[in-house]
Amino acid sequence: MTKIENLLPQRPPFLMVDKLLFSSRSAIIGEKTFDKNFLFYQQTKDLSALVPSPFLIEALVQCGGAGLKQCNLLGSNNWVLAKVIAAEFWQEVQKNDTIRLVVTTQKVSAKLLQQSGNVYLKANKILYASWLCIPLKNG
């Protein structure tokens with residue numbers, strides 16, 4: 001597999017995918033561990049460090065984009081998140097948790113990318129989201 005930094009323009013601390021485990025046009029699987037280097041934990045009253053939910057959606061979007069880039073399906077343009085269609089959360093992610101990102105692609109064209117995905121913590125599905133991305137014209 002290609003190194004994530006070669007597939008996405010994001011760099012730490014905004015890179016939300018550590019590695020791709022599988023990528024094809026229809027399915028993409030990746031992983032992310034939220035370790036001590038993650039700067040954006042939300043601290044709770046009981047001093048737990050939680051990952052804010054928008055970062056989990058961003059991880060799915062980045063995983064989907066990296067997987068399609070790995071498969072040479074996105075061309076040379078970078079793509080940007082245009083709209084989150086739906087999102088449902090069932091469980092929090094804490095410091096040192098490793099999540100699995102499973103993304104499916106509904107549509108990919110020169111003007112629009114539509115994907116959806118699930119985030120898993122161990123064997124539990126903890127988030128579902130669907131979104132649209134559009135190409136960012138170079139130059």
Spacing of CG belonging to Asn6 relative to CD belonging to Gln70, to within rounding of 0.5 Å: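 That separation rounds to 9.5 Å.
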field: OG-CD distance between Ser53 and Glu58, expressed to the nearest 0.5 angstrom
entry: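 Interatomic distance, Ser53 OG to Glu58 CD, rounded to 0.5 Å: 12.5 Å.
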Side-chain atoms of residues 9-17: list all donor-acceptor pairs with protein atoms under 3.5 Å, sequence neighbours left out, distances to 0.1 Å.
{"unit_1": "Arg11", "atom_1": "NH1", "unit_2": "Glu5", "atom_2": "O", "d": "3.3"}
{"unit_1": "Arg11", "atom_1": "NH1", "unit_2": "Leu8", "atom_2": "O", "d": "2.8"}
{"unit_1": "Arg11", "atom_1": "NH2", "unit_2": "Glu5", "atom_2": "O", "d": "2.8"}

Are [X] and [Y] side-chain neighbours, meaning at least one heavy-atom pair lies under 4.5 Å?
X	Y	result
Gln43	Leu47	yes
Phe22	Ile28	no
Ile134	Lys111	no
Cys71	Arg25	no
Leu7	Leu20	yes

Sub-6.0 Å ring centroid separation between Phe34 and Tyr41: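 No, too far apart.
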- request: Please name the pair of heavy atoms, one in Ser48 and one in Asp46, separated by the smallest distance, quoted to 0.1 Å.
  value: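 Smallest heavy-atom distance, with atoms named: OG-OD1, 2.9 Å.
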query: Which heavy atom of Leu50 sits nearest a heavy atom of Pro52, and at what distance?
result: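 Of all heavy-atom pairs spanning Leu50 and Pro52, the closest is O-CD, 3.4 Å.
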Tell me which donor-acceptor pairs under 3.5 Å the side chains of residues 82-101 have, and how far apart each pair is, sequence neighbours excluded?
{"unit_1": "Asp97", "atom_1": "OD2", "unit_2": "Gln94", "atom_2": "N", "d": "2.7"}
{"unit_1": "Thr98", "atom_1": "OG1", "unit_2": "Thr33", "atom_2": "OG1", "d": "2.7"}
{"unit_1": "Arg100", "atom_1": "NH2", "unit_2": "Glu31", "atom_2": "OE2", "d": "3.0"}

Show me the side-chain donor-acceptor pairs of residues 112-120 shorter than 3.5 Å, one per line, residues at least two apart or across chains.
{"unit_1": "Gln115", "atom_1": "OE1", "unit_2": "Trp131", "atom_2": "NE1", "d": "3.4"}
{"unit_1": "Gln115", "atom_1": "NE2", "unit_2": "Gly64", "atom_2": "O", "d": "3.4"}
{"unit_1": "Gln115", "atom_1": "NE2", "unit_2": "Thr105", "atom_2": "OG1", "d": "3.0"}
{"unit_1": "Ser116", "atom_1": "OG", "unit_2": "Thr104", "atom_2": "OG1", "d": "3.2"}
{"unit_1": "Ser116", "atom_1": "OG", "unit_2": "Gln106", "atom_2": "NE2", "d": "2.9"}

- prompt: With hydrophobic residues grouped by side-chain heavy-atom distances under 4.5 Å, do Leu74 and Leu81 end up in a single group?
  reply: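 Yes, it is one cluster - the side chains of Leu74 and Leu81 are joined through contacts under 4.5 Å.
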message: I'd like to know if the side chain of Lys69 and the backbone of Gly75 have a donor-acceptor N/O pair within less than 3.5 Å.
response: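 Yes.
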- prompt: Where the side chain of Asn124 meets the backbone of Ile126, is there a donor-acceptor pair that is under 3.5 Å apart?
  reply: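 No.
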query: For Cys133 and Val80, what are the C-alpha separation, side-chain angles and deciding distance, and is it a side chain to side chain contact (heavy atoms under 4.5 Å, CB included)?
result: CA-CA 5 Å; Cys133 292; Val80 295; over 6 Å; no
- prompt: Do the ring planes of Phe55 and Phe38 sit parallel (below 30°), tilted (30 to 60°) or perpendicular (above 60°)?
  reply: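 Plane angle over 60°, so perpendicular.
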